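Throughout, a chain's letter reflects where its sequence line sits, starting with A, and its residues are numbered from 1. Remember, predicted model here, so these are calculated numbers, not experimental data.
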Number of protein chains: 2
Amino acid sequence: MAQQTEAVRRPPLNRDRVLRAAVALADEIGIEALSMRKLAQELGVVPMALYKHVANKDQLLDGMVDVVVGEIDLPAPESDWKSAVRQRILSARRALQGHSWAAQVVRSRARPTPVVLAYMDSVIGIFRTGGFSVDLTHHVMHTLGSRVLGFTQELFDASPSPAPEAQAVLVPADAGQFPYVTELAMAVAHDEESVVGQGCDDQFEFEFALDLLLDGFERLRQQRWTSANPSGEKTV
Amino acid sequence: MAQQTEAVRRPPLNRDRVLRAAVALADEIGIEALSMRKLAQELGVVPMALYKHVANKDQLLDGMVDVVVGEIDLPAPESDWKSAVRQRILSARRALQGHSWAAQVVRSRARPTPVVLAYMDSVIGIFRTGGFSVDLTHHVMHTLGSRVLGFTQELFDASPSPAPEAQAVLVPADAGQFPYVTELAMAVAHDEESVVGQGCDDQFEFEFALDLLLDGFERLRQQRWTSANPSGEKTV
DNA sequence: ACCTGAACACCGTTCAAGT
DNA sequence: ACCTGAACACCGTTCAAGT
């Protein structure tokens with residue numbers, strides 16, 4: 001009956017409250033532990049009550065992505081295309097990084113929601129108004145891939161690994177077996193004494209790749225690259 | 001008793017047979033439908049019998065990745081770094097594309113297996129013997145990210161979507177709401193009349209991004225880029 | 001209109017036992 | 001050494017019913 005008192009006191013459930021509770025719960029216990037049943041319990045409600053506000057778990061995950069994308073800063077008003085794209089993408093990165101599960105959930109979605117489409121539309125718009133042809137914009141967006149939402153697909157995440165283990169993975173016991181991996185891992189370990197010893201500086205790697213791509217885009221734009229005439233220039 | 005006869009006839013289970021059956025079953029029914037229970041049934045065995053050969057489902061997935069990575073061609077003997085890297089990565093791409101679930105499983109793994117480490121070692125080796133410093137190789141491998149195994153993280157996969165639906169997603173009903181998305185989608189639809197009408201040419205996009213990155217790498221190598229001196233050249 | 005309870009058809013994995 | 005059977009602690013989602 002204590003439970004009934006709680007039930008009376010709580011505000012009526014709605015889609016927004018469900019989504020925000022899901023985001024908070026995933027932040028806390030991780031995405032793999034998030035279940036409809038646990039979310040319901042957190043909201044003091046029976047599991048099936050959630051299904052009045054989200055059609056199923058997939059729609060719940062879509063909604064959670066929308067909450068995160070809603071945290072991305074609005075585009076800067078006046079700037080060249082390159083710094084405008086940079087600003088948006090690095091802001092997306094900050095938003096995604098605030099929720100450790102977000103990148104993983106984004107890449108698991110089959111289709112973009114309207115909220116995500118609106119964000120992508122604004123990035124495409126920066127390229128178009130910045131002098132990129134539709135054709136070049138198309139391929140440039142493909143090249144960016146997941147980077148447009150502020151994350152890159154590393155080959156291995158190792159996110160749920162205890163910190164001390166990290167070094168042991170990069171420098172395997174049998175160092176002779178993978179000489180180039182070992183050489184690289186040792187150089188990284190040495191190099192980064194200043195940093196917390198975490199290994200690689202994610203932010204640096206992200207910006208390195210982003211800038212390499214943006215510089216390549218600028219070169220293609222200047223050459224008036226088209227997919228019909230990849231060598232550029234000559235047709236002008 | 002018919003079942004008992006089958007049981008007698010079948011060769012004894014081993015890790016290799018389990019992994020290969022898992023790969024074949026995932027090819028057939030998809031990775032989300034692959035369960036320890038169904039795999040056991042496929043092998044004519046009780047679920048718990050599998051646990052003598054793989055520690056748990058994570059180790060089964062690791063082993064499945066190893067099977068796919070084992071299908072990547074050996075490196076070409078004599079060639080410049082750029083075509084050698086290109087050849088390996090495009091071969092990895094072919095291997096991964098033979099198993100629709102593979103990219104998704106690779107990116108879900110926390111740590112590389114020895115088989116995957118050996119493949120990465122060989123790619124790192126191409127850069128090192130091709131004149132890249134350890135430092136530059138490190139950042140270049142990060143830039144490649146999942147591309148080193150032949151896939152890129154598109155923002156939305158839409159892989160399990162029926163073909164006719166594809167166009168409807170790219171050209172939303174309310175076209176005015178996302179003008180740049182719409183413009184781009186219409187250009188793509190127009191442009192690709194020659195192709196099956198599937199929308200984007202994945203292979204073209206993959207090679208466009210790969211070549212953009214490889215060209216950027218070559219430029220940095222020539223400038224003697226280092227992370228300590230990103231502008232390059234001057235220190236030489 | 002919103003929430004509930006019981007049930008269905010699944011999971012991965014444990015334990016103790018069989019051959 | 002290898003396989004089995006039963007059980008445990010979960011899932012997402014259905015259906016029919018309550019208020």
Side-chain angles (χ1 to χ4, degrees), chain A residues 1-23 25-26 28-65 101 104-105 108-110 160, chain B residues 1-23 25-26 28-65 101 104-105 108-110 160:
Chain A
M1 35 186 80
Q3 237 177 333
Q4 279 204 350
T5 311
E6 296 263 24
V8 167
R9 196 167 299 160
R10 73 163 189 267
L13 228 48
N14 60 41
R15 191 180 150 86
D16 215 67
R17 253 173 51 77
V18 168
L19 295 184
R20 275 214 283 265
V23 166
L25 188 56
E28 198 184 331
I29 67 173
I31 195 69
E32 70 294 328
L34 179 77
S35 68
M36 297 299 274
R37 296 169 114 107
K38 278 190 199 146
L39 177 56
Q41 195 180 13
E42 193 74 11
L43 287 161
V45 112
V46 95
M48 278 317 296
L50 300 176
Y51 285 79
K52 287 283 129 156
H53 303 102
V54 290
N56 49 38
K57 195 176 181 185
D58 264 355
Q59 235 190 55
L60 177 77
L61 293 171
D62 277 344
M64 291 170 70
V65 170
W101 45 269
Q104 181 180 157
V105 172
S108 78
R109 304 296 76 213
Chain B
M1 36 184 84
Q3 239 178 330
Q4 281 206 347
T5 311
E6 296 262 25
V8 167
R9 197 168 298 159
R10 72 163 190 269
L13 229 48
N14 60 40
R15 190 180 150 87
D16 216 68
R17 253 174 50 78
V18 169
L19 295 183
R20 276 212 284 266
V23 166
L25 188 56
E28 198 184 330
I29 66 173
I31 196 68
E32 71 294 329
L34 178 76
S35 69
M36 297 297 274
R37 295 169 115 108
K38 278 189 199 148
L39 177 56
Q41 196 179 13
E42 193 75 11
L43 287 162
V45 113
V46 93
M48 279 316 297
L50 301 175
Y51 286 80
K52 286 285 127 155
H53 303 103
V54 291
N56 50 39
K57 194 176 182 185
D58 264 356
Q59 234 190 57
L60 177 78
L61 293 171
D62 277 343
M64 291 169 70
V65 170
W101 45 270
Q104 180 179 159
V105 172
S108 78
R109 304 296 75 213

Task: Distance, P atom - from C/dA9 to D/dA9, rounded to whole angstrom - done: 22 Å
- [ ] Could you walk me through whether A/Arg109 and A/Met64 pass the side chain to side chain contact (heavy atoms under 4.5 Å, CB included) test, one step at a time?
- [x] CA-CA 11 Å; A/Arg109 304 296 76 213; A/Met64 291 170 70; over 6 Å; no
Task: Residue matched to D/dA16 through Watson-Crick or wobble contacts both under 3.5 angstrom - done: C/dT4
Open item on the list: Could you report the tightest heavy-atom contact between A/Glu32 and A/Ile29, atom names first, then the distance?
Closed with: OE2-O, 3.8 Å
- [ ] Please determine if a side-chain N or O atom of B/Lys52 lies less than 4.0 Å away from the OP1 or OP2 oxygen of D/dT4.
- [x] no
- [ ] Say whether, by atom type as modelled, one donor and one acceptor occur between the side chain of A/His53 and the main chain of A/Val18 under 3.5 angstrom.
- [x] no
- [ ] Give a yes/no answer on whether the side chain of A/His53 brings an N or O atom under 4.0 Å of OP1 or OP2 in C/dC2.
- [x] no
TODO: Go through D/dT4, C/dG5, C/dT13 for me and flag the one nearest to the B/Ala49 side chain.
DONE: D/dT4
Open item on the list: Looking only at the side chain of A/Lys38 (C-beta and beyond, no hydrogens), which of the listed nucleotides D/dC11, D/dT13, C/dG12 gets closest?
Closed with: D/dC11
- [ ] Grab the CZ-C1' distance between A/Arg37 and C/dA7 for me, whole Å please.
- [x] 10 Å
- [ ] Write down the distance between CD (A/Gln59) and P (D/dG12), rounded to a whole number of angstrom.
- [x] 15 Å
- [ ] May I ask you to verify if any side-chain N or O of A/Lys57 is less than 4.0 angstrom from the OP1 or OP2 atom of D/dG12?
- [x] yes
Open item on the list: Measure CZ/A/Arg15 against P/C/dA1 and give the value in whole Å, please.
Closed with: 19 Å
TODO: Check A/Gly63 against A/Arg15 and note the closest heavy-atom contact, atom names and distance.
DONE: CA-NH2, 4.1 Å
Open item on the list: Donor-acceptor check, side chain of A/Lys38 to backbone of A/Ala33, threshold 3.5 angstrom: yes or no?
Closed with: yes
Open item on the list: In this structure, how many angstroms lie between the P atom of D/dA1 and the CG atom of B/Leu13, rounded?
Closed with: 17 Å
TODO: Tell me what B/Met36 touches on the nucleic acid: a base, only sugar-phosphate, or nothing, going by heavy atoms under 4.0 Å.
DONE: sugar-phosphate
- [ ] Could you check how far CG of B/Leu50 sits from P of D/dA1, rounded to whole Å?
- [x] 20 Å
- [ ] Mind calculating the distance between CG (B/Leu34) and P (C/dG12) to the nearest angstrom?
- [x] 8 Å
TODO: In whole angstrom, give me the gap between the C1' atoms of D/dC11 and C/dA7.
DONE: 14 Å
Open item on the list: Side chain of B/Tyr51, heavy atoms from C-beta onward: which of D/dC11, C/dT14, C/dG12 has the nearest atom to it?
Closed with: C/dG12
TODO: To the nearest Å, give me how far apart CD (A/Glu32) and P (D/dC11) are.
DONE: 12 Å
TODO: Measure from CG on A/Leu43 to P on C/dC2 and round the result to the nearest Å.
DONE: 16 Å
